[in-house]
Amino acid sequence: MIDVLTETPVQEPQRIRGLEMPWNRVMGSIEGPASAAKALGPWHPQEFVAECVETVPEAGGMMTFVFRRCDGAPLAFRPGQYVNIAFPVNGDDQEPVDRSYSLSSSPTQPWTFSVTVKRDPGGLVSPWVHQNVRPGTVLDMLGPVGAFHLPDADRRARYLFLAAGAGITPIMSMMRTIHSLAGTADVVVLYHGAEAGGFAFHRELAYIASVDSRIKVFYALGDRGRPEDWEGFSGRLTSAMIDEVAPDANGRQVYACGPEGYLNSATELLRKVGVDDTSIYMEFFSGDRQTLLEYQAELALAADIAGEIAEDIAESAEDYFESQPAAFGMYEPGYDEDGTLQATGLALEAVGPEAPAAAATPAPAPEAQAPDASSFDTVGTGSLTLSFMRTGINVRIDPEEPILGVAQRAGVRIGANCKEGMCGSCKVVRLSGEIDMNHQGGIRKREIDAGKFLPCCSTARTDMVIDA
Amino acid sequence: MTTSVNAPLSARGKLASAMPAEQLAEITELFALRRTGYSLDAPFYTDPTIFKLDMEAIFGQHWIFAGSVAELPEPGDYITVDYGPYSLIVLRTDEGDVNVLHNVCRHRGARVLTEAAGSTGNLVCGYHSWTYSPEGNLIHASAPGEAKFDKNCFALKRAHSREVAGLIFVCIADVPPADFDETAKIFEPYLAPHDLSKTKIAYQQNIIEEGNWKLVMENNRECYHCDGHPELACSLFPTWGLTEGLIPAHLEEVWDRNKEAQSSLEERCRRYGLPYEVVEELDTRIAGIRISRESLDGEGESFSADGRRLSKKLLGDLRDFRLGRCSMHLQPNSWFHFLGDHVITFGVFPINEHQSLVRTTWLVADDAEEGVDYDLEKLTYTWKQTNLQDKAFVELCQQGAASPAYEPGPYMKSEYQVEAFINWYVQRVQEHLA
């Protein structure tokens, strides 16, 4: 490493006034913008499938999961927003569990995106995520969602970011975004953590603060676990602490994210130092019932929009895209008349930390093979054949027989509960063949699009191959 | 600051030379007899001849506040400003400068522009369509059969203009007072951070007060009457105008609060590099000024009942809403309040010896959205009320001055700025008469 000593003072960079997201002009323009710019514009919430490409352990029991969309499109979002991810924590044949996670990456690097998950040992989802999501893991997602984000344009761009614990993740997205953009900004970050070694992203934060004169980062430890050589703040958030890091707090826009107690106290303290209520934006990571209901409503709305778009596209992709206003014509997400497009590229191979980078040559992509059930035993009588690939059995049935009953009688293990298309317990993947399904809400459109179906309320129209 | 243009010399219509010697001597004596520390004799407020002299010696010779850049943001935007017998067009040119033209057609004198504000390309007189360029040159006049008509001889008369920190000043004198530039250097650093070029008019109010223009100004230069302003009293400390040693016992607590607020304001100003010191040269220079930045009661942000901001958008690159009020008095016809969230400009335009137009303009950041970032009623409430109260006070005084029983009364200690205004006025007129 070469240590460069700078002896002459370095001047401040010349910057444009304020901050503007790259897509802002595209959003506001009537004429069709350049397609590269289109690709970075925020899109409607949509359901999409993404593949994990990297996991990065972070301090504080957190782990960053880097994803890319399976359709190859960039993910458009605003810094601070979140995605809702379906995790198959109980196995692929069970209803997945949905969780929302803030995006920690910057939308200015939209071709991959990250969520950072704190492991809660008593939790249902996060330990599973830490243990099971690996490069190559494919997950259903819905997003972007959320009103907690930086504005598209702000000529004042003076911010106070308050983060506690895992609350740093949306703040990290905001900081990475500002750091990646030109323009004047004045950012003060006050980051509360429980222990000195537990500040996620602290090395990147230190780097950003050292090279970007617009951004200042302050750390504070809670009441416990303060080592002797700790140079940051101690104790809970106070108005004196806010005054010290940002004596002009009352003129800033404040973005705060963390646990409920922390945010409630922050609201009071910010009021005390003169911050107007309309200048405070908060994201609750563990909200009260009311907050959780609000988030559910937000997600439901996003799912509705995503559903409507998907339906419109399914009807006629061409008509749909031509009917879009120019300002929304950002890019055409991965759909065509036939449904979801899938990107092709390198197959993924998980690489351990000790593996030399050069050894990470991609494995050859497996040949796509048509399922072959010709060697399976065949039972039953009827005009159609159902092939159960995992069980290794072919069952002959009549077209009007519900598939679940047939499968169960033949000894195929498929969990089931309501048997009326409501609970979704029997959800399985259809590898080929056509069905008639009369479900009652037990399966989401994106799951159907991904090839899943509910055998309890479905009958076969053709020969079928089922992943069960 | 932008350009200044030499106005054509016009000695015609000068009152002093047209007045009978006896009347001139009488008026000169009235000025000479003015008793320092006392209000003026009745004729100063009621006599049409003195009003004419005021128009000549004060409004004809000095820099007058006309409006702000927010009133003419785009090329072609104009306002018309009338005082006494004068009407001026203040126009933004394509080059971004400000042109000031006498609003008097060179054909037969008709008003060229009749609206108070608007936007125009060339200036077309509505009477016979004489057409002037924005620079005032006559570029078209139909003249069939006119062999000797030379358009070059009939440009609109021009006056001087100055734009400082977004405020526009005009002067119709042939040679304007030179010390305005020094005064501008005093106030420019106080006002520039509020960046008037990035503001818009939220509201403009024109009130005609039944009072001589000097009574309007006198009333503004003191807060002895501020008990009559209950809405404003929420923002100004009840101790405003008092100094250490003059604080009555029941206000000691308020005085402490005032001192604390002021020292915290000064700390903020030092942090942001904003000047706050009092500069008071109301009668010690020709372009008389008082400017300072002072704390407001309550939250210290704006003219609201609790002192909180009235517009959510900070002006310019200000970093803080708690900047109190930067207030400026300029002789002869204006005062201003610059706050973190809005600016209020006040201009007084005399109509005749007993009527004056008071124009109040509320400016907010040009990206502030009405109904979202500010509520217009709340934004304008305090000063709308205060203006109406002041109008009533001025009119009471005008009535008094017209009474045979009126005689000048003493200005109190807290009215020293009134004395300074009158002293400035008397000096200026005497210089003019000399």
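Quick note: numbers below take in every heavy atom, side chains included, and nothing from hydrogens, waters or symmetry partners. Quick note on labels: first sequence line is chain A, next is B, and so on, each numbered from 1.
- For B:Glu267, no part lies near chain A; criterion is any non-hydrogen pair under 4.5 Å.
- Interatomic distance, A:Thr238 OG1 to A:Lys272 NZ, rounded to the nearest 0.5 Å: 8.5 Å.
- The contact between A:Ser279 and chain B is made entirely by side chain atoms (from C-beta outward), counting heavy-atom distances below 4.5 Å.
- Closest approach of A:Ala182 to A:Leu19, counting heavy atoms only: O-CD1, 3.5 Å.
- When the options B:Leu191, B:Leu167, B:Val343, B:Thr361 are evaluated for a side chain to side chain contact (heavy atoms under 4.5 Å, CB included) with B:Phe336, the one that passes is B:Leu167.
- For chain A, no part of B:Asp373 is nearby; none of its heavy atoms comes within less than 4.5 Å.
- In this model, a donor atom of one side chain and an acceptor atom of the other lie less than 3.5 Å apart for B:Glu244 and B:Trp255.
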